[in-house]
Each structure stands twice: as C-alpha cells, then as structure tokens.
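A quick write-up on the structure given underneath.
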Amino acid sequence: MASQISPHVRVRFAPSPTGYLHVGGARTALYNYLFAKKNKGEFILRIEDTDEARSTEESLRGVVDDLVWLNLLWAEGVNPQTLQDVGPHGPYRQSQRQGIYKEVAEKLLGEGKAYYCFLTDEELEKQREEAKLAGRPPQVNSPYQDWPLQKALEHIQVGNKGVVRFKTKGLAKDYIFTDLVRGEVRFPSDMVGDFVLLRSDGMPVYNFCCVVDDHLMKITHVLRAEEHLPNTLRQMMIYEAMNWEIPQFGHMALILDEDRQKLSKRKGAVACGQLKEEGYLASAILNFIVLLGWSHPEGTEIMTVEDMIQAFDVSRLNPAGAIFDRVKFKWMNAMHLRALPHAEIWKLIQPFLQREKMELPQDPAWQERSVAAFKTSMETLVDAIELYKPLNDKSYVILPEAEETLKWDPTRAVLTTWRDLVAKHPTDYLTEEEFLKIQDEVKNSTGAKGKNLFMPIRVAVIGKPHGTELKILVPLIAKNSLIARAEQALAAI
RNA sequence: GUUCCCAUCGUCUAGGGGCCUAGGACACCUCCCUUUCACGGAGGAUACAGGGGUUCAAAUCCCCUUGGGAACGCCA
C-alpha cells in the first residue's frame with residue numbers, strides 16, 4: 001500500500017459535460033486538487049465529451065464556472081473564460097482527440113488485440129437475454145473476433161459499419177493492482193467480455209480514451225469514484241496490450257443519499273450551483289465534502305483549503321461510503337460564515353437581499369453593525385432575508401402571532417408611551433443605551449414589566465412578539481420608522 | 001444472476017492487537033446564561049452487524065454468515 005509517489009505528480013479531474021457539477025464530482029475534483037498541491041504536482045482538467053448526444057457547451061460552461069467558484073483551479077485544461085485549450089498535452093477535450101484514439105485503435109487492430117465486430121443491436125440483445133437465462137454474465141460472444149483484419153476492412157469497404165472491440169480471449173488470468181484506498185484488488189479476466197473501443201461512428205468509448213489520455217497526458221495517479229472500480233480491469237487490459245505503464249489507482253467511496261444509494265442527479269439533486277443558490281459558501285462546501293471520506297489526522301473539522309493541503313494524505317481516505325448529511329452541512333456553513341469579516345458577509349448577502357428588493361441604508365457603519373448583530377443567527381446566506389426584513393420598512397406587517405400580545409391590558413399604554421418617547425429623541429438612530437433608557441422610562445411610567453413590557457414593544461418594532469433582541473434591532477431602525485411602526489401597531493389593537 | 005467493493009453511536013468519523021469502561025463532531029436531551037427566540041457555556045444518552053477462529057490479549061488479524069453498495073452499454 002505504501003507505494004512511493006513518483007517525483008512529478010500529475011492528476012486530473014475528468015468530468016463529462018452532460019449536466020451540472022454535483023457534490024460527488026466536486027469531491028473528486030477536490031481530492032485530486034489537494035493531492036496535486038500537497039505533492040507540488042499538476043492538477044489537470046480534461047473534458048470527457050465523447051457522448052455527443054448528451055454533452056453540451058452550456059453544461060461545460062456550468063461545470064467550469066462551478067469549479068472556478070469553488071476555487072479548484074487547474075494548470076492544464078480549458079481556459080475558464082474562453083474554454084480554449086491551455087497546456088502542453090492538449091487538446092483536453094476528448095471530442096477533439098479522435099485522431100489520436102484512432103491511431104491507437106489501429107495499432108491494436110493490427111496486432112490482433114482488437115477486432116471489428118458487426119453484430120447488430122438485435123443480435124446483441126438476443127445474446128444478452130440468452131446469457132441471462134443461462135445464468136451467465138451478459139457478455140458478447142462475437143463471431144467476428146477471429147476474422148482477419150483484411151476481411152473486416154473489405155466488409156467495411158462495401159458499406160458495412162462495425163465497432164472495434166477489444167479482444168479478451170486468451171487473457172485468462174487475474175488482474176491484480178494495489179488500490180491507493182483499498183489495498184490489493186483482484187479481478188478475474190473473465191469478468192468482462194469483449195468491450196467496445198470505438199463506436200461504429202468512430203467515436204471512442206470512455207474506457208478507451210481514458211487510458212489513452214491518461215497515458216499521453218502523463219497522469220501518474222488516478223483518483224476517482226468507486227463506481228469506476230470495475231472499469232479498472234478493462235483499462236488494465238488496454239494498458240497491458242499497449243505495453244504502457246499503469247498509473248496508480250485510488251477508488252474513493254461514493255457519497256450516498258439518505259437511502260444509502262449513490263447520490264444521483266435524478267434523486268439527490270445536490271448540485272453545487274444549487275447549493276450556492278441556497279446560500280452556502282464555497283469554503284463550507286469544500287470543508288464538508290472533504291470530510292466525507294477523509295479525516296484530518298488531528299481530528300480538526302473546520303478548516304481552510306490551505307489546512308487541507310497541509311494535512312492531505314491518501315492513506316487517510318476511507319473506503320466506506322458516506323451519507324451527505326444536510327444538517328451538519330448547514331452547521332458547517334454557519335461556522336464558515338461567522339469566521340468571515342463583516343464587510344465580506346455584507347457583500348455575500350447582497351444578491352439575496354436584492355432578490356427581495358430590499359431597501360437598506362447605504363451607510364457602511366450601519367451595514368457593519370447590522371451584520372454584527374445578525375451573523376450568529378445566520379446559517380446560510382438566505383437566512384439574511386428573514387433577518388433583514390424587519391429592518392425594511394416596506395415589509396413591516398403585524399403578524400397573526402402578535403394578536404394576543406396586542407390584546408393585553410397594558411399594551412396600549414406601553415405603545416403610546418414608547419411612541420412618544422421615541423418621537424422626542426433628538427437623533428435619527430437610538431444607541432443601545434438610549435433604547436434601554438427609553439424602555440426603562442416606559443416601564444416606570446406605565447408600570448408594565450417583564451413580557452408585558454417588551455413583547456408589545458417588540459411587536460411595535462418587528463410585528464411579532466419573538467425574534468432578535470430589541471437592543472440589537474432598535475439601533476438599526478431609524479427613528480421615524482420606529483414611530484410609524486408604533487402607530488401601525490396601535491391601530492391594530 | 002455474476003463479479004467486485006464495503007461494514008464503529010441516527011449521521012460524519014477516530015482507532016490498525018494491550019493506552020478502549022471505544023474518543024471527537026452534527027443532531028438529540030438536561031442544566032446554566034438570557035425580561036423572548038437564538039448565540040454561548042456545562043453535563044447526558046447513544047455504536048464496534050452476527051458467528052467462528054488466531055492470540056496471554058481482538059473494534060483492530062483470518063474465515064464464514066448477514067446486510068449494504070457498485071458494475072456488468074456503440075453512458076461516463
């Protein structure tokens with residue numbers, strides 16, 4: 001297991017642009033990124049867009065934007081703005097590397113390690129069903145596997161189309177490798193049938209381009225999700241056939257949903273972009289997912305990417321799957337949020353407040369005070385909306401939960417006195433001390449105390465009897481606004 | 001079905017033969033702080049899937065069982 005790390009580490013994250021970046025992909029990217037940084041190597045972004053039907057430019061744009069937002073930047077791949085190739089081993093989009101794959105396929109074909117297969121979909125389907133009935137694995141048994149290349153070429157010449165399959169016949173042995181996270185893994189060669197290398201339209205298939213590219217791009221370590229573990233056998237066969245050096249593999253456990261199933265785009269919908277919309281910070285996402293399958297040697301939980309790089313080690317990667325727990329994730333986001341400077345938090349909540357068309361004071365001192373007052377009540381950035389609403393005159397409404405308080409005997413007197421005292425105040429805003437003083441005066445002149453005192457005032461300030469401390473809230477609301485609200489509350493009695 | 005992978009509190013995990021009466025974190029419960037709700041602080045409850053070995057000693061090593069997951073495509 002303690003395989004030495006080659007002098008120059010090169011790793012890659014290879015998404016297929018067929019959807020958005022989800023947390024599973026983000027974690028794979030993160031681990032690769034951390035591994036590269038830790039070992040002073042290179043992190044490469046390769047685009048696996050050989051599925052022409054499903055790959056889209058928008059999706060690529062989205063995945064790239066999400067990676068940039070997460071600050072997982074690559075040394076080679078596509079330029080984040082232009083999406084044009086950057087780096088010495090390009091192109092980095094597989095759809096643009098077809099000539100390369102074709103060359104390799106031809107070599108394999110020429111050496112009899114691959115063959116053209118002309119089985120139709122129907123024939124394939126029939127074979128699969130028969131195998132299933134017989135209790136055999138559903139592998140192809142192609143009658144074309146022993147055709148001489150020349151004969152196949154002539155067959156194509158006259159208009160037939162075929163796929164190129166890798167020939168597994170004669171490979172009867174176990175393929176063994178040492179997985180960076182699982183230790184020794186052993187596959188019997190008959191676990192797979194003759195698999196497709198090139199489709200009938202000439203487009204290569206994942207397992208093939210993955211090997212070709214990893215080799216040509218000098219990838220030293222392949223850290224990927226566990227779902228790829230069985231693919232490793234096919235890939236090892238190709239490496240062997242080409243006589244290429246096999247990189248180190250590490251298969252990381254899957255991120256699971258609440259039902260312990262692989263997080264899927266259909267069900268989980270844990271897209272990074274969506275989490276951003278929900279008010280999560282990039283730093284919190286990274287921190288949370290890094291802990292899904294890895295742990296800091298000192299047990300540290302809240303950390304920066306810099307901390308992760310310092311401490312990262314594949315030997316601490318956990319082979320068991322992990323459930324994505326949104327509750328802990330939210331807590332972690334709150335911790336990251338609180339650690340930020342107030343001005344930064346203010347900046348981050350702007351898109352959310354603007355979405356609600358809130359009009360808040362422009363004064364930076366006011367903004368700073370407001371963040372200081374609210375940040376411990378914020379778990380995600382969207383929480384700012386409910387927190388700031390009371391400060392926005394337009395959204396002052398008396399809520400049903402305030403009705404009872406308004407019915408209390410002392411309420412009218414408390415509110416009247418409160419309004420009058422505020423009206424007499426000389427400046428636009430009350431300080432905390434000034435508020436407490438006024439509250440005290442209301443108490444003395446009305447005789448109301450305890451909740452009979454502060455609940456009515458709170459209703460007159462935020463429209464409901466529970467919420468943020470008044471001494472924090474009141475200094476954030478202009479005097480005229482306080483008076484208007486008190487009037488409104490009085491009118492509702 | 002076949003092959004492969006996995007298995008410690010509800011969840012994320014520490015642990016890698018004796019330091020384990022199993023540690024931490026989230027969540028939960030209790031108390032304190034608080035003229036509300038939070039924040040914060042102090043406590044608490046909760047786990048080695050089961051069975052066999054190996055060993056003076058097993059959460060830790062081996063085997064079996066069970067349970068879970070993944071893969072078996074002209075998807076990646």
Side-chain angles (χ1 to χ4, degrees), chain A residues 14-19 25 48-51 53-55 94 117 119-121 124-125 128 131-140 161-165 179 181-183 185-188 190-193 195-207 209-210 224-234 251 253-254 256 258-262 288 291-302 316 318-332 334-335 338 374-378 405 439 443 449-455 458 464-470 472:
Chain A
S16 68
T18 55
E48 310 222 326
D49 57 351
T50 53
D51 184 349
R54 294 197 301 147
S55 299
Q94 293 183 329
C117 172
L119 246 20
T120 62
D121 286 348
L124 248 15
E125 188 51 38
R128 259 185 225 115
K132 209 176 159 189
L133 280 172
R136 281 181 284 121
Q139 297 172 354
V140 285
K161 284 201 161 206
V163 299
V164 174
R165 283 187 191 276
D179 190 280
V181 349
R182 275 149 227 284
V185 177
R186 174 186 298 260
F187 295 112
D190 60 6
M191 192 174 127
V192 294
F195 53 93
V196 171
L197 259 23
L198 252 35
R199 293 179 247 230
S200 51
D201 64 359
M203 195 56 114
V205 139
Y206 168 75
N207 279 301
C209 19
C210 182
R224 59 178 25 162
E226 190 187 349
E227 55 193 319
H228 288 293
L229 192 50
N231 286 326
T232 309
L233 172 58
R234 293 183 181 78
H251 290 90
L254 266 12
L256 278 15
E258 278 81 355
D259 308 327
R260 288 218 152 263
Q261 311 274 306
K262 180 173 107 174
F288 188 70
L291 256 13
L292 256 29
W294 177 80
S295 58
H296 191 284
E298 280 150 42
T300 311
E301 299 227 43
I302 303 295
R316 295 188 68 83
N318 188 157
I323 292 175
F324 188 89
D325 177 7
R326 284 176 168 272
V327 177
K328 184 162 183 178
F329 178 41
K330 210 169 206 184
W331 165 81
M332 187 160 278
M335 299 308 281
R338 273 180 222 179
F374 291 147
K375 71 168 180 178
T376 53
S377 318
M378 263 187 252
T405 307
Q439 193 183 42
K443 180 165 95 177
K449 57 183 180 182
K451 64 178 187 174
N452 281 330
L453 172 70
F454 64 83
M455 279 188 166
R458 181 175 283 108
K464 56 182 181 178
H466 297 285
T468 311
E469 269 187 273
L470 282 173
I472 288 171

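Letters A, B, ... are given to chains in the order of the sequence lines, protein chains preceding strands, and every chain is numbered from 1.
- Residue-level contact check: A/Glu301 touches the bases, meaning some heavy atom is under 4.0 Å from a base atom.
- Whole-Å rounding puts the A/Leu229 CG to B/rC6 C1' distance at 11 Å.
- For A/Phe288 and B/rU13, the CZ to C1' distance is 11 Å, given to the nearest whole Å.
- Within the shown strands, B/rA42 is the pairing partner of B/rU30 under the Watson-Crick or G-U definition, both distances less than 3.5 Å.
- Considering only side-chain atoms of A/Leu254, the nucleotide from B/rG69, B/rC26, B/rA76 that sits closest is B/rG69.
- Contact annotation: A/Ser295 side-chain N/O to B/rA14 OP1/OP2 distance is under 4.0 Å.
- Distances from the side chain of A/Leu124 to the nucleotides B/rC74, B/rC5, B/rC72 place B/rC74 closest.
- Base-pair partner of B/rA25: B/rU11 (Watson-Crick or G-U wobble, both distances under 3.5 Å).
- With rounding to whole Å, A/Asp259 atom CG is found 12 Å from B/rG68 atom C1'.
- Among the nucleotides B/rG69, B/rC26, B/rU35, the one closest to any side-chain atom of A/Glu226 is B/rG69.
- Relative to the side chain of A/Val205, the nucleotides B/rU3, B/rU36, B/rC74 differ in distance, and B/rC74 lies closest.
- In the set B/rA76, B/rU35, B/rC6, the nucleotide with an atom closest to the side chain of A/Asn207 is B/rA76.
- We find that CZ of A/Arg326 is positioned 16 Å from C1' of B/rA27, with the value rounded to whole Å.
- If you check every strand for non-hydrogen atoms under 4.0 Å, A/Phe187 touches sugar and phosphate atoms only.
- When the nucleotides B/rU35, B/rG10, B/rG40 are ranked by their closest atom to the side chain of A/Asp325, B/rG10 comes out on top.
- Residue A/Gly450 is classed as a base contact, given a heavy-atom separation below 4.0 Å to a base.
- Using atom C1' as the reference point in both B/rC37 and B/rA22, the two lie 37 Å apart (nearest Å).
- Nucleotides B/rC33 and B/rG50, compared at atom P, are 44 Å apart to the nearest Å.
- Taking 4.5 Å as the limit, some side-chain heavy atom of A/Leu229 sits within range of a side-chain heavy atom of A/Phe187.
- Considering only side-chain N and O atoms, A/Arg128 lies under 4.0 angstrom from the phosphate OP1 or OP2 of B/rC74.
- Heavy atoms of A/His251 sit nowhere under 4.0 angstrom from any nucleic acid atom.
- Counting heavy atoms from C-beta outward, A/Ile302 and A/Trp331 have side chains that approach closer than 4.5 Å.
- Out of B/rG69, B/rA71, B/rU36, the shortest distance to the side chain of A/Glu469 is found at B/rU36.
- For B/rA14, one of the phosphate oxygens OP1 or OP2 lies less than 4.0 angstrom from a side-chain nitrogen or oxygen of A/Asn318.
- A salt bridge does not link A/Lys328 with A/Asp325: every distance from a Lys NZ or Arg NE/NH1/NH2 to an Asp or Glu carboxylate oxygen is 4.0 Å or more.
- Straight-line distance between the C1' atoms of B/rA59 and B/rC48: roughly 4 Å, to the nearest whole Å.
- Heavy atoms from other residues, nucleotides or ligands lying under 6.0 Å from NZ of A/Lys375 number more than 12.
- Of the candidate nucleotides B/rC12, B/rU35, B/rU36, B/rC12 has the atom nearest to the side chain of A/Ile323.
- A/Val185 is not listed as a side-chain neighbour of A/His251, based on a closest heavy-atom distance of 4.5 Å or more.
- Looking at A/Asn231 and A/Tyr206, their side chains come closer than 4.5 Å, going by heavy atoms from C-beta outward.
- The distance between atom NE2 of A/His466 and atom C1' of B/rC37, rounded to the nearest whole Å, is 7 Å.
- The partner of B/rG1 is B/rC72, judged by Watson-Crick or G-U wobble contacts that both fall below 3.5 Å.
- Side-chain atoms of A/Ser200 come within donor-acceptor range of the base of B/rC74, with a qualifying N/O pair under 3.5 Å.
- Regarding contacts with the backbone of B/rG15, a side-chain N or O of A/Arg316 is found under 4.0 angstrom from either OP1 or OP2.
- Checked against B/rC6, B/rC4, B/rU13, the side chain of A/Ala322 finds its nearest nucleotide in B/rU13.
- Residue A/Thr50 places at least one side-chain N or O closer than 4.0 Å to OP1 or OP2 of B/rA76.
- Place A/Leu470 and A/Leu119 on RNA chain B by their nearest nucleotides, and A/Leu470 ends up nearer the 5' end.
- Among the atoms of the strands shown, none is found under 4.0 Å from any heavy atom of A/Arg224.
- One C1' atom belongs to B/rA45, the other to B/rA27, and the distance between them is 13 Å to the nearest Å.
- Taking the C1' atom of each, B/rG18 and B/rU60 are spaced 11 Å apart, rounded to whole Å.
- Nearest to the side-chain atoms of A/Gln261 among the listed nucleotides B/rC26, B/rU36, B/rA70 stands B/rA70.
- The shortest distance between the side-chain N/O atoms of A/Gln139 and the OP1/OP2 oxygens of B/rC72 is not below 4.0 Å.
- As judged by a 4.0 angstrom heavy-atom cut-off over every strand, A/Gly293 is placed among residues touching the sugar-phosphate backbone only.
- At least one side-chain heavy atom of A/Arg182 sits under 4.5 Å from a side-chain heavy atom of A/Glu226.
- Side-chain atoms of A/Lys262 stay outside donor-acceptor range of the base of B/rA70, with no qualifying N/O pair under 3.5 Å.
- A gap of 34 Å separates the P atoms of B/rU54 and B/rG1, to the nearest Å.
- Using a 4.0 Å cut-off, no side-chain N or O of A/Arg182 falls inside it from OP1 or OP2 of B/rG69.
- OP1 or OP2 of B/rC12 has at least one side-chain nitrogen or oxygen of A/Arg260 nearer than 4.0 Å.
- Glycosidic conformation of B/rC56 is anti; the angle lies outside 90° of 0.
- A/Val163 comes within 4.0 angstrom of a base, heavy atoms only.
- Protein atom CD of A/Glu298 is 19 Å distant from nucleotide atom P of B/rU13, rounded to whole Å.
- On the C1' atoms, B/rU8 is 9 Å away from B/rU13, given to the nearest whole Å.
- Ring geometry for A/Phe329 against A/Phe288 counts as tilted: the plane angle lies between 30° and 60°, on a 0 to 90° scale.
- Between A/Leu256 and A/Pro319, it is A/Pro319 whose nearest contact on RNA chain B lies nearer the 5' terminus.
- One interatomic measurement links the two molecules: CG of A/Leu291 to C1' of B/rC26, which rounds to 11 Å at whole-angstrom precision.
- Within 3.5 Å, no donor on the side chain of A/Asn231 pairs with an acceptor on the base of B/rA71, nor the reverse.
- Comparing the P positions of B/rG53 and B/rA58 gives an interatomic distance of 12 Å, to the nearest angstrom.
- Ion pairing between A/Arg326 and A/Glu258 fails under the 4.0 Å rule for side-chain N and carboxylate O.
- By the 4.5 Å heavy-atom criterion applied to side chains, A/Glu48 and A/Cys209 are not counted as neighbours.
- Among the atoms of the strands shown, base atoms are found under 4.0 Å from some heavy atom of A/Pro138.
- For A/Met191 and B/rU3, the CE to C1' distance is 5 Å, given to the nearest whole Å.
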